[in-house]
Protein chains: 2
Amino acid sequence: MGASKTQHFTDKQNEMALLMKALGHPARIAIIDYLLKVNTCICGDIVNELPLAQPTVSQHLKELKNAGLIKGNIEGNAICYCIDESTFLKFQNFLSEVFGKIQVQKNNCC
Amino acid sequence: MGASKTQHFTDKQNEMALLMKALGHPARIAIIDYLLKVNTCICGDIVNELPLAQPTVSQHLKELKNAGLIKGNIEGNAICYCIDESTFLKFQNFLSEVFGKIQVQKNNCC
DNA sequence: TATCTTTATCGTAATATTGCAATATTAAAA
DNA sequence: TTTTAATATTGCAATATTACGATAAAGATA
């Protein structure tokens, strides 16, 4: 089929999965890496940083934006992109719960 | 095309993306949630916990196993699955770096 | 205004993912 | 040995993703 049966899962599970999926491509990880490295908004040179054609980069940026992981504002004839910290913090909270449970995992037989 | 150009990205970026991708489906998040909830290995009732057919669940389990997020051992005529803590810890380390950089992000214009 | 620069969108091809019915596999139980 | 139970694999259809050339859109610049 190809379409996930999202209606059968909790909102939290779906939300978590969407964030993970948005980061589930090396180009999008690279974009986030870059935005973190420069530690500021980027108005213009993301395309040059990636080994992909401009339409492809634009598409990846769109997906990150849809997931709420980055923000983009029009800035003259360029677009200014940066990390959306609030979504990352929410993501971090999700993951803290998960990792917290892992710490106390016991009785493994595998 | 449909195939990612993984060769152009760093090993770390590709590794991170694969883990994210493996968790980028609500059914797989639900499987991890369940394994964490029961806090032990599960030999048998994962299929009943999910609103999906048995072959579909089996496929999701395979993907989680390929990504190293869960371990599975043959246990009689059942399979015993549990969280692979070492992979999650590696994942957590990756993410700690990312979230650490987010904390000090400044000069945002968006 | 005409041109340049930058980013987005459209269209399309190649490939991947999701889901399940049917079937296979494997070991326990009868 | 036959049956039962649990999980995996195969095969397929529907849909999604990835990538990019061509083109559009929109502001800057000459």
Side-chain angles (χ1 to χ4, degrees), chain A residues 1-9 13-14 17-31 34-35 41-67 70-82 109-110, chain B residues 1-9 13-14 17-31 34-35 41-67 70-82 109-110:
Chain A
M1 296 199 176
S4 301
K5 300 180 96 181
T6 55
Q7 69 276 17
H8 294 306
F9 301 99
Q13 285 167 341
N14 284 315
L18 281 179
L19 288 173
M20 291 287 190
K21 194 174 179 182
L23 292 171
H25 190 287
R28 296 195 288 271
I29 294 284
I31 290 170
Y34 182 62
L35 286 175
C41 291
I42 287 305
C43 309
D45 59 353
I46 289 186
V47 169
N48 303 321
E49 287 293 319
L50 292 175
L52 295 168
Q54 179 268 325
T56 309
V57 174
S58 187
Q59 197 173 325
H60 284 305
L61 287 167
K62 190 177 174 184
E63 282 178 58
L64 287 171
K65 199 174 172 186
N66 283 343
I70 64 175
K71 292 180 285 188
N73 283 347
I74 295 175
E75 188 92 2
N77 68 343
I79 297 283
C80 176
Y81 278 114
C82 64
C109 60
C110 302
Chain B
M1 297 201 174
S4 301
K5 301 180 98 181
T6 56
Q7 69 277 16
H8 295 307
F9 301 99
Q13 286 167 341
N14 283 315
L18 282 178
L19 288 174
M20 291 286 190
K21 194 175 178 182
L23 291 171
H25 190 288
R28 295 194 289 269
I29 294 283
I31 290 170
Y34 182 63
L35 287 174
C41 292
I42 287 305
C43 310
D45 59 352
I46 289 187
V47 170
N48 304 322
E49 287 293 319
L50 292 176
L52 295 169
Q54 179 269 325
T56 309
V57 174
S58 188
Q59 196 173 325
H60 284 305
L61 288 167
K62 191 178 176 185
E63 283 178 57
L64 286 171
K65 199 174 172 186
N66 283 343
I70 64 175
K71 292 180 285 188
N73 282 347
I74 294 173
E75 189 92 4
N77 69 343
I79 297 283
C80 177
Y81 278 114
C82 63
C109 61
C110 303

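Proteins get letters first, then strands, A, B, ... in listed order; numbering begins at 1 in each. Computed from a predicted model, the values in this text were never measured in an experiment.
Atom CG of A:Leu52 is separated from atom C1' of D:dG21 by 15 Å (rounded to the nearest Å). Between the C1' atom of C:dG19 and the CD1 atom of B:Ile31 lies a distance of 13 Å, rounded to the nearest Å. Between B:Leu23 atom CG and C:dT17 atom C1' the separation is 16 Å, expressed in whole Å. To the nearest angstrom, P of C:dT17 lies 17 Å from CE of B:Met20. Atom pair B:His25:NE2 and C:dA16:P shows a separation of 18 Å (rounding to whole Å applied). Between the C1' atom of D:dA6 and the CD atom of B:Glu49 lies a distance of 16 Å, rounded to the nearest Å. Atom CG of A:Asn66 is separated from atom C1' of D:dT17 by 14 Å (rounded to the nearest Å).
Qualifying side chain to side chain contact (heavy atoms under 4.5 Å, CB included) partners for A:Asp45, counting only residues two or more places apart in sequence or in other chains: A:Tyr34, A:Ile42, A:Asn48. Applying the side chain to side chain contact (heavy atoms under 4.5 Å, CB included) criterion to B:Lys65, with sequence neighbours excluded, gives B:Ile70, B:Tyr81.
Here the closest non-hydrogen pair linking B:Thr6 and A:Pro26 is CG2-CG, 4.3 Å. A:Ala67 approaches A:Leu19 most closely through the heavy-atom pair O-CD2, 3.6 Å.
Note that NZ of B:Lys21 and NZ of A:Lys21 are 10.5 Å apart. Values are rounded to the nearest 0.5 Å. The structure places CG of B:Asn14 at 9.0 Å from NE2 of A:His25, a figure rounded to the nearest 0.5 Å. Of the inter-residue distances, the one linking A:Leu23 atom CG with B:Leu23 atom CG reads 11.0 Å to the nearest 0.5 angstrom.
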Hey, can you pull the donor-acceptor pairs under 3.5 Å for the side chains in residues 49-61 of chain B, sequence neighbours left out?
{"unit_1": "B:His60", "atom_1": "ND1", "unit_2": "B:Arg28", "atom_2": "NH1", "d": "2.9"}

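Rounded to 10°, the angle separating the first-five-pair axis and the last-five-pair axis of the helix from C:dT1-D:dA30 to C:dA30-D:dT1 equals 10°.
Taking every side-chain heavy atom of B:Glu63 into account, C:dT18 is the closest of D:dA16, D:dA19, C:dT18.
The side chain of B:His60 contributes no N or O atom lying less than 4.0 Å from OP1 or OP2 of C:dT17. Here B:Lys21 does not reach the OP1 or OP2 of C:dA16: none of its side-chain N or O atoms lies under 4.0 Å away.
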query = If the sugar-phosphate is the primed atoms plus P, OP1 and OP2 and the base is the rest, what is the B/S/- string for nucleotides 3-9 of chain C, using protein heavy atoms under 4.0 Å?
reply = --BSBBB

